[in-house]
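Below, chain A is the first sequence line, B the second, and so on; all start at residue 1.
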Amino acid sequence: MEKLRTVRGVHDLMPDQLHKHNIVINTGLDISEKYNYSQIEIPIFEFAEVFTKPLGKSSDIVTKENYVFKDRSEDELMLRPEGTSGAVRAFLNAGLVQDLPQRFSYYGPMFRYERPQKGRLRQFKQLGVECLGLSNFMSDIEVISLGYDFLEKLNISDKIELKINTLGDFDSRKDYRAALVNYLKDYQSKLSGDSLKRLWTNPLRILDSKSEVDKKIIRDAPNILDYLNFQSKTRFESICKGLDYLNIKYKIDKNLVRGLDYYCHTTFEFITNELGSQGTVLAGGRYDGLSKILGGTDIPGVGWAAGIDRLALMIENKFVNKIDVILIGQTENTNFLLLPIMKKLTQKGFKSEIIYTGSIAKKFKKANKMKAPYAIILGEEEINQNLIKFKDLKTGSEELLNLNQAINKLKK
RNA sequence: GCGGGUGUAGCUCAGUUGGUUAGAGCGCGGGUUUGUGGUACCUGAGGUCGCCGGUUCGAAGCCGGUCACUCGCCCCA
């Protein structure tokens, strides 16, 4: 170690930042709980195949963005790049298939070996919810509504747009995929390199391409909405209707395709333009195929994950370490007498601090810098009368009180 | 993984075409006599100029590499 530092894309959270993260986390867990989602905690690393199987061998996360390693018993393990796979695995392991539906929330660090940017770290935190065992479209509306309420509670819903799309069921998707490949085949010479590779592996992703040439080609490509079978189509319409009932504004984006293979039907993304190019702040969709891919029974699911770091960048709350009262003693000896006073204040629920050193003037200066509203001063005079001096640092007024009287003043 | 920008004190930044002991503001510590803060004044600490190498009599400034951050691409939360 030539220099003391964190590894690339991995950051410390100092008090003011952590405070914002905790606001995001607590808000998310709290609103989830109100929607009857119970918090779970799952491992930070798993057998690699927990992630490689569902995410698809061709996905970027599996091919180049993962942290894989072998432990001492030669098991191939992976730091989790996302939460859904682990959550569904945990759900299957716990045998909850017998007791449906199940609604979970979780949060914690995820790991992806990507090029760091603002709002994109190698260790980052997500908060997610999963609703398992319901295929009814109402559950799609439910999770979107939960996501929206979350952002609304954070006071940022006005800076965020909801985009929504459907991939249809697996039959519709298959038909559409064939039509899309058929259309794109004729443009092979013009497509960007990345898109050309995806033409045979994951053609739907081409719809998401930012290449100007690709965009032009895509403009006239077949529309997925035209390839939906009846059930898929009415399902999507019902979801939109539900959002209308909730007064949640959305934009249908037929090119919105989730990067991970296990999605079907609904996909959605809450996007902001305040964070530069990393604008996705909460995203998810339906993943009916996932539990089967993992080797369990076929259980439908829908959920989302939110980027805690990104949301924390968006909320205004400045961290103020608000102290209730500062304790000032005249001498080293009076500091001893302040100890039981501080203990009493602590028991009563007040935050206080004894300033140990310096002249009285110095101690007041410090109290002032800490923006303490009140000070308790203990010196010879007070000790003789068995009282304390209680000072309002805003007005400057002082009075001699006993401790209980002072505590009553603090309560106001 | 690809392309652009940046890197001087805890923070925000100066530093002239390379030229002695690298500066300011804010913040931090101490002080302006006896038990009282917010203002003012005095004073102090803190930098191997991201790191390594090269050019030069001499590099914070030039060149190369490297690391980190940042912007865009890719991808995604």
May I ask you to decide if A:Gly396's main-chain N or O and A:Asp392's side chain share a donor-acceptor pair within less than 3.5 Å? no

Can you check the A:Glu82 CD to B:rC75 P distance for me, whole Å? 18 Å

When the side chains of residues 135-144 of chain A are checked against the rest of the protein, which donor-acceptor pairs come out under 3.5 Å, sequence neighbours left out?
unit_1	atom_1	unit_2	atom_2	d
A:Asn136	OD1	A:Met138	N	2.7
A:Ser139	OG	A:Asn136	O	2.7
A:Ser139	OG	A:Arg286	NH2	2.8
A:Asp140	OD1	A:Arg286	NE	3.1
A:Asp140	OD1	A:Arg286	NH2	2.8
A:Asp140	OD2	A:Arg235	NH1	3.2
A:Asp140	OD2	A:Thr266	OG1	2.5
A:Asp140	OD2	A:Arg286	NE	3.2
A:Glu142	OE1	A:Arg103	NH2	3.0
A:Glu142	OE2	A:Tyr37	OH	2.5
A:Glu142	OE2	A:Arg103	NE	2.7

Heavy atoms under 4.0 Å, any strand shown: does A:Gly128 hit a base, just sugar-phosphate, or nothing? nothing

Is B:rG53 paired to anything, Watson-Crick or G-U wobble with both distances less than 3.5 Å, and if yes, which nucleotide? B:rC63

Can you list every side-chain hydrogen bond (donor to acceptor under 3.5 Å, both in side chains) pair that touches residues 143-157 of chain A, not counting sequence neighbours? A:Tyr35-A:Ser145, A:Tyr35-A:Asp149

Spacing between A:Arg120 atom CZ and B:rU70 atom C1', to the nearest angstrom: 12 Å

Looking at the side chain of A:Gln117, which of B:rG1, B:rA77, B:rG72 is the nearest nucleotide? B:rG72

Euclidean distance, atom CG of residue A:Leu121 to atom P of B:rA68 [Å, nearest integer]: 14 Å

Does any pair with a residue in residues 324-345 of chain A pass ring pair (Phe, Tyr, Trp, His ring centres under 6.0 Å), and if so which ones, sequence neighbours excluded? none

Whole-angstrom distance between B:rC11 and B:rC71, as gauged at atom C1': 23 Å

Quick note, salt bridge (Lys or Arg N to Asp or Glu O under 4.0 Å) partners involving residues 332-357 of chain A, not counting sequence neighbours, are none

What is the pairing partner of B:rU12, taking Watson-Crick or G-U wobble pairs with both distances under 3.5 Å in any strand? B:rA24

Tabulate atom names and distances for all N/O pairs under 3.5 angstrom spanning the protein and nucleotides 3-6 of chain B.
unit_1	atom_1	unit_2	atom_2	d
B:rG3	O6	A:Arg115	NH2	3.2

Would you tell me whether A:Gln117 and A:Gln278 have side-chain atoms, one donor and one acceptor, within less than 3.5 Å of each other? yes

Given atom CZ of A:Phe124 and atom C1' of B:rC76, what is their separation to the nearest angstrom? 8 Å

Position toward the 5' end of RNA chain B (nearest nucleotide), A:Pro116 or A:Ile308: A:Pro116

What's the CG-P distance between A:Leu154 and B:rA77, to the nearest Å? 18 Å

Not counting sequence neighbours, which residues clear salt bridge (Lys or Arg N to Asp or Glu O under 4.0 Å) with A:Glu130? List them please. none

Separation of atom CD in A:Gln278 from atom P in B:rU70, rounded to whole Å: 11 Å

Using the P atom as the point on both nucleotides, what is the distance between B:rA59 and B:rU21, in whole Å? 11 Å

Rounded to the nearest angstrom, tell me the gap between atom CZ in A:Arg8 and atom C1' in B:rG1. 11 Å

According to the Watson-Crick and G-U wobble definitions, with both distances under 3.5 Å, which nucleotide is paired to B:rC69? B:rG5

For B:rA68, take OP1 and OP2 only and decide whether either is under 4.0 Å from a side-chain N or O of A:His11. no

Across all strands, who's sitting opposite B:rG38 as a Watson-Crick or G-U wobble pair, both distances under 3.5 Å? none

At 4.0 Å (heavy atoms only), tell me whether A:Gly9 reaches a base, stays on the sugar-phosphate, or touches nothing. sugar-phosphate

With sequence neighbours left out, what residues match A:Tyr183 under ring pair (Phe, Tyr, Trp, His ring centres under 6.0 Å)? A:Tyr187

Can you tell me how far C1' of B:rG30 sits from NZ of A:Lys363, to the nearest Å? 16 Å

Take nucleotides 33-39 of chain B nucleotide by nucleotide from the 5' end and write B, S or -, depending on whether a protein heavy atom sits under 4.0 Å from the base, only from the sugar-phosphate, or from neither. --BBBB-

Strictly by Watson-Crick or wobble contacts shorter than 3.5 Å, is anything paired with B:rG46, and which nucleotide is it? none

Once ring pair (Phe, Tyr, Trp, His ring centres under 6.0 Å) is applied, what residue pairs with a partner in residues 364-408 of chain A remain, sequence neighbours excluded? A:Tyr374-A:Phe390

